[in-house]
Number of protein chains: 2
Amino acid sequence: MPAKKGGLGQLARRTFREQIVEALRTSIISGVLPPGAQIVESEMALTFGVSRGPLREALGDLIKEGLLVTVPYTGTHVVDLSLDEVNEIFSLRTELEIFAFRQVWENRDEAYFAELNARHDRLLASIASGDDESSIVDELGLHSHVYEACGHSLLLSVWNGLRGKLQLYWAAHHRAHGRRGPLPEGHKRYVELAQGDDLDAMIEEIRDHMVRGFSKTETFLRARENLK
Amino acid sequence: MPAKKGGLGQLARRTFREQIVEALRTSIISGVLPPGAQIVESEMALTFGVSRGPLREALGDLIKEGLLVTVPYTGTHVVDLSLDEVNEIFSLRTELEIFAFRQVWENRDEAYFAELNARHDRLLASIASGDDESSIVDELGLHSHVYEACGHSLLLSVWNGLRGKLQLYWAAHHRAHGRRGPLPEGHKRYVELAQGDDLDAMIEEIRDHMVRGFSKTETFLRARENLK
DNA sequence: CAACGGTCGATTGTCAACAATCAGCGATGG
DNA sequence: CCATCGCTGATTGTTGACAATCGACCGTTG
């Protein structure tokens, strides 16, 4: 009678599919599966110790999420984002984040400020520790805050869709060129303004922030293309 | 334009999954499967004459698309949108459509104007014919134009994600209260401004258009809730 | 020697059977 | 009376085998 239910501890009783999605997403973002790598269902099923059914569904999720692409009867590969696609992500993201701030602006409270600063501190700690990968995660986590706080669940889900691709691109990017995580002062003004009273200044900062982020990315990529 | 009929014979060589997705989406939107209806995999597989495997994957697509919801080991149902969710769709859509017009504004050409008017004419024809369902499709098709024309593929894919839910909601809505499709003059100003030179006026019209659309929807829904 | 056509291996698409899980209901015992 | 346990039917989760399709290789042929 080991029927231990509802334990407060972790019950890893999720469905295989979810576990596979999570594991695969981690593998893709961490670079174990680099952009362009082919995913063979039978092999992958073997490595995870499951059948092709659940694995296939997990792949389907990641395809919908935009981390994988597939051609019928031919093969499935990790996406290889082009500069144009990253540009689209940044430009759309700019609009979404401005919209999110507009939604939340009048409803900011103590809890909001506290969480914002907590996430910023976490980002600074990751940067200080030199862990490039968690710096990326924490940077995205900081930006996620406004989406979570604005109470617009649809907006949040769209952002989460972009977030994965962005993380993938940055991670692959940082691996390609030496470690170059976010700068410690990169979000100073962003966080300050997010707690201030000037919404227009905040909006301006978002646009600047995105333009800076994209041009930094662009510079790196152009350099790489010139090299090869 | 959507390549409807290829020059050569239509090769219906698509995979079952795609055909099922399309058929199911049609059934959901047309109301054959009303909001809240349960989808049983085994029954549905029998209906389509396929195995549960492909059907399951099709359901997965529609779940990702937001037309179905599922709870593990329990059941899958057609989504039943709340007023809040529709409000979110309208508010997000407003921002996206404004962004799309900003992107396309300086690149509009003769082909753009021609297609815009063609879609408007199609909408007017559907309304005149009294076919409520194709009026909805054509109204959404008119709005789709700017997303397709602006050259932002990511924005287009986000819009397509919203489009399905919107169509579902409107169709269910129009069935619940007598036929009340879009009005013939509803897009007159929209189409005129989209061909003019005043971007600010266009943006203002989009905001107005969405507010009108949502408040009309809201009025209907409140009325229904008061009745029951 | 270049274009054609068929064969072959690899990979995904599809199937039917089996196992795990859940919601509801009734028996049971306090 | 009612809270709990275990049973039962329904539904989804998972599996391994089989079929369809694609791309590349290679021999043939003009």
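A note on names: the letters A, B, ... follow the listed sequences, proteins ahead of strands, and every chain is numbered from 1.
- Between A:Asp138 and A:Ser126, the side chains place a donor N or O and an acceptor N or O closer than 3.5 Å (distance only, hydrogens not considered).
- The distance between atom CD of A:Glu43 and atom C1' of C:dG9, rounded to the nearest whole Å, is 14 Å.
- For A:His152 and A:Tyr147, the ring centers sit 6.0 Å or farther from each other.
- Side-chain proximity of A:Val40 to C:dC18, C:dT11, C:dG13: nearest is C:dT11.
- When the C1' atom of C:dA16 is taken as reference, atom CZ of B:Arg52 falls 10 Å away, rounded to whole Å.
- Remark: the A:Arg163 side chain and the A:Ser144 side chain contain an N/O donor-acceptor pair separated by less than 3.5 Å.
- Heavy-atom nearest nucleotides on DNA chain D were determined for A:Ser51 and for B:Ile39, and the one closer to the 5' end corresponds to B:Ile39.
- Nearest nucleotide to the B:Phe16 side chain, out of D:dT15, C:dT14, D:dT12: C:dT14.
- Contact annotation for B:Thr70: no contact, since no heavy-atom pair falls under 4.0 Å across all strands.
- Atoms CZ (A:Phe48) and P (D:dG16) sit 16 Å apart, rounded to a whole Å.
- For B:Ser42 and D:dA10, the shortest distance from a side-chain N or O to OP1 or OP2 is not below 4.0 Å.
- Nucleotide D:dG13 holds its P atom 7 Å from the CD atom of A:Glu57, rounded to whole Å.
- Within the 4.0 angstrom heavy-atom criterion, base atoms lie near A:Gly53.
- Rounded to whole Å, atom P of D:dG23 lies 12 Å from atom CD of A:Gln38.
- In the model, A:Glu97 has a side-chain atom that pairs as donor or acceptor with a side-chain atom of A:His143 under 3.5 Å.
- In terms of phosphate contacts, A:Thr15 brings no side-chain nitrogen or oxygen within less than 4.0 Å of OP1 or OP2 of D:dT12.
- The CG atom of A:Leu55 sits 10 Å away from the P atom of D:dT15 (whole-angstrom rounding).
- Using a 4.0 Å cut-off, no side-chain N or O of B:Arg56 falls inside it from OP1 or OP2 of D:dT12.
- Residue A:Tyr73 places its side chain closer to D:dT21 than to any other of C:dT11, C:dT21, D:dT21.
- Of all nucleotides listed (C:dA23, D:dT15, D:dT21), D:dT15 comes nearest to the side chain of A:Pro54.
- Whole-Å rounding puts the A:Leu46 CG to C:dT12 P distance at 14 Å.
- When atom types are taken as modelled, the side chain of A:Gln167 and the backbone of A:Val137 share no donor-acceptor pair closer than 3.5 angstrom.
- Using a 4.0 Å heavy-atom cutoff across all strands shown, A:Val50 reaches sugar-phosphate atoms only and no base atom.
- If you take NE2 of B:His77 and P of D:dA10, they are 16 Å apart, rounded to a whole angstrom.
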